[in-house]
Trainee: 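Quick one: the structure is below, and I'll ask about it shortly.
Each ligand, and each atom within it, is numbered from 1 in the order the structure gives.
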Amino acid sequence: MVGRRSIRSQNERRRVVRAEITFNGNATAASRYVGWAPLPVQVRLSDPTDATGPVSVRLRNQSTTQGGQVVFFSAIPDTARDDLQLTLPLTGTPVQFFLAGRFQRPSIADRDANVQVVNTANNQPIGTTPLMVRVRKDANTLSIGERTRLLAAFATLNDRGMGRFADFRNIHTSAGDPEAHENAGFPPWHRAYLLDLERELQRIDSSVALPYWRFDQAAPNLFTRDFMGVPDPSTGRVLFSATNPLQFWATDGVTGIVRRPRFNTQTQRATSLQGPVITEPETFQLGLTATSPPVHRYRRFRRYEVNPHGTAHVSFTGSIAQIPTAAKDPLFFLLHANVDRLWAKWQWLKRRFDINATSSFEPLGAAGSPGTTRVGHNSKDTMWPWNQVTTPPRPSTAPGGTMAPSLLTAAPGLRPTVESMIDYQGVLTPTSRLGFDYDDVPFQFPPN
Ligand SMILES: [Cu+2]
């Protein structure tokens, strides 16, 4: 009897020990979002009461069957582990490790993943931290909850035409056109544009990630009254269900969205008068410049601006079909998330993250040196409007201010350069991580 009681009281004492996790050095819940790229995380004993020495702990997913899942790294680069053994000093000094979402196990709701710290001496949990494995997903596969939160955040950002969204609409115009299109900076400029918008959506609802419209496949769940709307056959004005927050969408002082597809949205991929968008595998072949061995180069790959990108735009009539008005339509951002995903997936497939290699981006350098192109399209140039430059050849206004900051990463800074968009996962330079990922594009360390 005496022996059993003393064992029990010993366990109770050990349970007093508490561990606390901080993400990227930030203790608030607002920082607990992770994608596939490893994020620096710190764990420390927050209440070492009754511990008599360093405490050996194991980090793990609280449940391996539900919600988002994470993997652990003791350092980077390292192989991903299901759990991680660490020793926490009694002084409360934090111990750093790295954490990432487990590929293909994203969250579907905020805080549905849980990291548990277990005291290995008695197998008791001494801390549980909820988080979200938040990645950009195929819009056609979103749950009703994910879709509802996205649409509500978009509607709030626009606020019937009176909100912050007006800046985004006013960035993508005739004046901004030369900053963004038909040149080397097309992919990075749009990556920054989407990131800025996504961070604003996340300020409204941190569980939202921008989904993508996979335009080379039918997306019957996207083109519905509950999601992006269905056009009225006679006017082309998009109709929404009575519960869809987009029903009040307005831009330039006019309510509604005009968008009429040239293809069957329930059964077909995007198709213009010239024909369908090229497929994903065809897109990845655009960069091929030599066949044996195969060499893939950025300057060839960026031809994807024409097809599939341009083709997807002109698969409709209405505002999305012309550059000056395209960003009036929220579908624009889902279309462009897919354009960005194609670049991201090509970068992963061909390992094109080196900001100093012409195979990853060209022209390298800043405008004004030999062999460079228009300012804003060289790797070292800053990008309008985030640089707030309004002297020629830049546009005369720079709507929206500098780049929205993030608690998850310091990159790309307030005035991003073209090259800051290239290593978006921090594959080669961990501090370059921009804080987004796509559901089907993994993070992979470079080969040794
Ligand atoms: Cu576009």
Trainee: For the Cu ion (ligand 1), give me the closest N/O/S atom belonging to His309, just the atom name.
Mentor: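 Minimum-distance N/O/S atom of His309 relative to the Cu ion (ligand 1) is NE2.
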Trainee: At the Cu ion (ligand 1), what angle lies between atom NE2 of His313 and atom NE2 of His336, rounded to 10 degrees?
Mentor: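 An angle of 120° at the metal.
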Trainee: Taking side chain as C-beta onward, heavy atoms only, is Leu131 less than 4.5 Å from Phe23?
Mentor: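 Yes - at least one pair of side-chain heavy atoms lies under 4.5 Å apart.
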Trainee: Assess the pair Phe361 and Phe301: is the distance between their ring centroids shorter than 6.0 Å?
Mentor: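 Centroid distance Phe361-Phe301: not below 6.0 Å, so no.
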Trainee: How about Asp226 and Thr224: does a side-chain donor come under 3.5 Å of a side-chain acceptor?
Mentor: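 There is no such pair (donor and acceptor under 3.5 Å, judged by atom type) between the side chains of Asp226 and Thr224.
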Trainee: Below 2.8 Å, can you find an N, O or S atom of His190 next to the Cu ion (ligand 1)?
Mentor: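 Given the 2.8 Å cut-off, His190 does not count as a ligand of the Cu ion (ligand 1).
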Trainee: For the Cu ion (ligand 1), does an N/O/S atom of His181 lie at less than 2.8 Å?
Mentor: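 Short answer: no, not a single N, O or S atom is under the cut-off.
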Trainee: My understanding is that only one of Arg58, Arg60, Gln116 makes a side chain to side chain donor-acceptor pair (under 3.5 Å) with Asp83; could you say which?
Mentor: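 Only match with Asp83 under side chain to side chain donor-acceptor pair (under 3.5 Å): Arg58.
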